[in-house]
Amino acid sequence: MYPRSFADGNGDGVGDLIGLRRRLDHLAELGVDAVWLSPFYRSPMADFGYDVADHTDVDPLFGTLDDFDALLADAHARGIRVLVDLVPNHTSDQHPWFRDPAKRDWYIRRDGAPDTPPNNWRAAFGDYPAWTWDEASGQWYLHLFLPQQPDLDWANPEVEAAMHDVMRFWLDRGVDGFRIDVVHGIGKDPALPDDPPEVGGLPHATVNDDPRTHPFIRRMRALADSYDGDRVLVGEVYLLDTRKVVAYYGDGDELHLAFNFPPLYTAWDAGKWRRQIERAEAEHNAVGGWPTWVLSNHDNVRHCTRYGSEACARAAAVLLLTLRGTPFVYQGDELGLEDAEVPADRVVDPGGRDGCRAPIPWDGSADHGWPDGEPWLPFPAGADTRNVATLRTDEGSILHLYRRLLAVRRGSPALRTGTWRALDAPDGVLAYERRSQDGADRRVVIVNFGDAAATVPLDGRWRIDVEAADPTATGAYEGSISGSNALLLSTGE
Ligand code: NOJ
C-alpha cells in the first residue's frame, strides 16, 4: 500500500493513516492476509518518504504514532497483518545522524578532489554520479539514489545497532514484519571498485551484490525470530536475475521472502511467462526458498497499462493469485486501475513514477471520496465508474474477480502450498496444475494470452471455479477458453 494515495482522512489531499484505517473494510472484504505500508515516517519527501529523517515517528502529513497504533489494532482485529517499510540503505540528508559531525563515519564518505568522484557508480533517478561533494566535511558522500539520500555505512557497527533499534521499536509496537528497501545494497566493498563497462551505466543500486550484505541480513533475521509470533522479513532485492535474488534466502536464515522482479518486466506472452515461472520454480527450489509474485507496485507502470486492456489485467489476476508462492497485489490492481495521465505541471516524482501513484477513487462522486480539495496527483482515467463503490455493486467486476480468487485460494491447499506443473497447451496458452501435498486437492489454471479462442483438452472432468472474463460464471469446463481470458478449474462436474 502507498499510504499517500490510499485514502485521505483530513482533507488535505494527501492520503494518511486515519484515512487508511477508515477504509480497512475494503481490504478485509478483498481478503488480503497482510498489508505492507510504504514509509510514513518523518521525511522531507524528496523521495516521498524513502528519505527518512526520523525512523521512529510518523510524519505529521500522515498522522501520529497514536494513529499508527490504532490502525495496527484495527487491522489485527480484522485478521490483517501489518508490515512496515524498513529503509536501511540510506537516510534523508536532513536526518540528525547525517547532520551530526560526530557521526560522519555513519555514512560512506571519501576524501578526494571536488571534481573527481571516488568511482564511476551511477545514482538512480537520473543521469548523474552516485556521489555528491559535501562542502561541510570537504568530502564526497555516496548516494545510490537522490543526493538527498546519503548511504549509511553498514561496516560501522553503530549503524547496524541503530537500525536494529529501529526494528525493535516497530516490533515492540506489534508490527508483523518489514519490507526491507534495497536490502541487497547495504553491504559494500570498501575498495569501492568501479562498475565494469558491461554494466553500461546502470544505477549501482541495481547491481550491488556484495557478500558482506548476507551477515547483516542474518542478524536482522535473528532479531525478528527472537520475537513471538511470525514476524516476517520481505526484501526488495532489486537484482534482475532470479539466481542472484534467491541467494538472499540464505540457508533459511536470511529473508523469508524476496521480491523477484524479472516477471514484472516480462511482456504479456505465454511462452515468456512459462519460461519465467519455470526459472523461478527451479531457482527457488534449488535453495528451498518460497517464491513471490508481483505485477505492479509504486515504482512501475501498472500492469493494466502495460498489458493494454482490462481483459489482460483480469487474466493476469488469475495468474498472479494461482502461482506457487506469495502474491503481492498493489492497491488499485483490484480495481483494474491504469496509470494516471500526469500533466507536466503536476509531475512531482524525480523518478517519473507519478502515474502509478495516483489516488484510489472510492466512489463516483465529484471528489471520489477525497474530501475538500484536489488530491496531490490526478485520478486515473475512468474514475467515474472505475471506483470502489461502483465496482462493489457489480458482481462481474474485476474487484469481485479478485475477491473470488482470494477466497478460493484461501480454501485450497493446492493453491496455497501445492506443487506447480506445466500442462500441454497450444501456442499462446499457458496451462498448469497445482496439486496439494496429499494429492487430495487439484486445480488447473488455463491462461489464454492471445485474442483468439483456444481448445485445451484435459483428462477427466473439471468445473469452473473462477473465470477471469466473468467471475459469476460456473459450470462444467467444456474444453475451450475464449481469447484474453483465464480459468481456474477444480475436479468434478
Ligand atoms: C525502492 C523503493 O520502492 C523506491 O520507491 C525508492 O525510491 C527506492 N527504493 C529508494 O529508497
Side-chain angles (χ1 to χ4, degrees), residues 36 50 85-90 108 119-125 130 142 144-145 151-152 154-155 178-221 232-267 272-297 299-300 323-328 351 420:
W36 143 41
Y50 283 95
D85 217 305
L86 182 72
V87 188
N89 180 67
H90 45 267
I108 299 184
N119 68 13
N120 71 354
W121 293 0
R122 308 300 288 173
F125 312 145
L142 178 69
L144 297 191
F145 295 89
D151 275 45
L152 287 161
W154 275 71
F178 300 97
R179 175 271 191 184
I180 313 179
D181 192 62
V182 282
V183 68
H184 62 291
I186 62 179
K188 288 167 185 105
D189 184 340
L192 300 172
D194 274 349
D195 281 335
E198 60 268 23
V199 161
L202 280 175
H204 185 72
T206 65
V207 296
N208 190 81
D209 185 23
D210 190 85
R212 290 166 190 80
T213 297
H214 295 280
F216 297 136
I217 300 180
R218 280 199 288 276
R219 293 195 285 269
M220 288 182 182
R221 172 66 178 264
V232 66
L233 302 184
V234 185
E236 186 207 23
V237 181
Y238 200 84
L239 296 168
L240 300 180
D241 175 343
T242 304
R243 176 156 305 166
K244 291 183 178 170
V245 170
V246 299
Y248 288 81
Y249 288 82
D251 208 1
D253 56 356
E254 295 189 34
L255 299 173
H256 294 91
L257 297 171
F259 281 113
N260 179 41
F261 289 110
L264 188 151
Y265 297 115
T266 297
K272 290 182 177 152
W273 263 92
R274 179 168 172 168
R275 282 192 290 282
Q276 284 293 344
I277 297 165
E278 289 180 337
R279 179 101 200 261
E281 283 283 318
E283 300 289 6
H284 287 81
N285 285 336
V287 300
W290 183 246
T292 63
W293 299 96
V294 55
L295 299 177
S296 286
N297 63 23
D299 290 331
N300 290 281
L323 289 169
R324 192 181 72 93
T326 296
F328 287 77
W420 181 94

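- Pairs of residues two or more places apart, or lying in two chains, that qualify as salt bridge (Lys or Arg N to Asp or Glu O under 4.0 Å) and include a residue from residues 246-266 are Arg218-Glu254.
- Partners of Asp210 by salt bridge (charged side-chain N to carboxylate O under 4.0 Å, His left out), not counting sequence neighbours, listed by chain and number: Arg212.
- Not counting sequence neighbours, the partners of Tyr50 by the ring pair (Phe, Tyr, Trp, His ring centres under 6.0 Å) test are His298.
- To the nearest 0.5 angstrom, Leu142 atom CG is 7.0 Å from Leu192 atom CG.
- Every residue meeting the salt bridge (charged side-chain N to carboxylate O under 4.0 Å, His left out) condition with Asp299, not counting sequence neighbours, appears here in chain and number order: Arg353, Arg357.
- Arg221 is linked by a side-chain hydrogen bond (donor to acceptor under 3.5 Å, both in side chains) to Asp225, His256, counting only residues two or more places apart in sequence or in another chain.
- Applying the ring-ring contact (aromatic ring centres under 6.0 Å, His included) definition to pairs two or more places apart or across chains, those involving residues 179-205 are Trp121-His204.
- With sequence neighbours excluded, the residues that form a side-chain contact (heavy atoms from CB on, under 4.5 Å) with Ser296 are Arg302, His303, Arg306, Tyr330, Asp333.
- Distance check: Asp189 CG to Asn208 CG gives 9.0 Å after rounding to the nearest 0.5 Å.
- Residue Met220 holds its CE atom at 4.0 Å from CD1 of Ile186, rounded to the nearest 0.5 Å.
- Evaluation of the side-chain contact (heavy atoms from CB on, under 4.5 Å) rule for Pro263 yields Asn260, Trp273, Gln276, Trp293 as partners, not counting sequence neighbours.
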What verdict does the side-chain contact (heavy atoms from CB on, under 4.5 Å) test give for Leu152 and Ile108, after you've listed the backbone C-alpha separation in whole Å, the side-chain angles of each residue and the deciding distance to 0.1 Å?
CA-CA 6 Å; Leu152 287 161; Ile108 299 184; over 6 Å; no
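- Residues passing the side-chain contact (heavy atoms from CB on, under 4.5 Å) test with Ala267, sequence neighbours excluded: Lys272.
- Aromatic ring orientation, Phe145 versus His90: tilted (interplanar angle from 30° to 60°).
- Here the closest non-hydrogen pair linking Leu264 and Asn297 is CD1-ND2, 4.3 Å.
- Of the possible polar contacts, none joining the Thr292 side chain to the Thr326 backbone as a donor-acceptor pair under 3.5 Å is found.
- For Glu281, the salt bridge (charged side-chain N to carboxylate O under 4.0 Å, His left out) partners are Arg324, not counting sequence neighbours.
- One N or O on the side chain of Thr266 and one on the backbone of Pro262 form a donor-acceptor pair closer than 3.5 Å.
- Below 30°, between 30° and 60°, or above 60°: for Phe259 and Phe261 the angle between ring planes is below 30°, a parallel geometry.
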For Val87 and Asp85: C-alpha separation, side-chain torsions, deciding distance, then whether side-chain contact (heavy atoms from CB on, under 4.5 Å) applies.
CA-CA 6 Å; Val87 188; Asp85 217 305; 4.1 Å; yes
Under the criterion side-chain contact (heavy atoms from CB on, under 4.5 Å), I'd like the reasoning laid out for Ile180 against Val234: C-alpha separation, chi angles, the key distance, then a yes or no.
CA-CA 6 Å; Ile180 313 179; Val234 185; over 6 Å; no
Give the intermediate values and the outcome of side-chain contact (heavy atoms from CB on, under 4.5 Å) for residues Val237 and Val183.
CA-CA 6 Å; Val237 181; Val183 68; 3.9 Å; yes
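- The side-chain contact (heavy atoms from CB on, under 4.5 Å) check on Pro211 picks up nothing, with sequence neighbours excluded.
- Atom CH2 in Trp290 sits 9.5 Å away from atom CG in Leu257 (nearest 0.5 Å).
- Counting all heavy atoms, side chain and backbone alike, Arg122 lies closest to Gly201 at CG-O, 3.6 Å.
- In this structure the side chain of Asp181 reaches within 4.5 angstrom of the side chain of Arg179, judged on heavy atoms.
- Annotation for Ala123 and Pro203: closest pair O-CB, 3.8 Å, computed over non-hydrogen atoms.
- Using a 4.5 Å heavy-atom cutoff, the side chains of Leu144 and Asn89 are in contact.
- For Arg279, the salt bridge (charged side-chain N to carboxylate O under 4.0 Å, His left out) test picks out Asp241, Glu283, with sequence neighbours left out.
- Exactly one residue among Leu233, Val287, Asp209 makes a side-chain contact (heavy atoms from CB on, under 4.5 Å) with Tyr248. That residue is Asp209.
- A salt bridge is defined here as a Lys NZ or Arg NE, NH1 or NH2 lying under 4.0 Å from an Asp or Glu carboxylate O, and Lys188 with Asp151 meets this definition.
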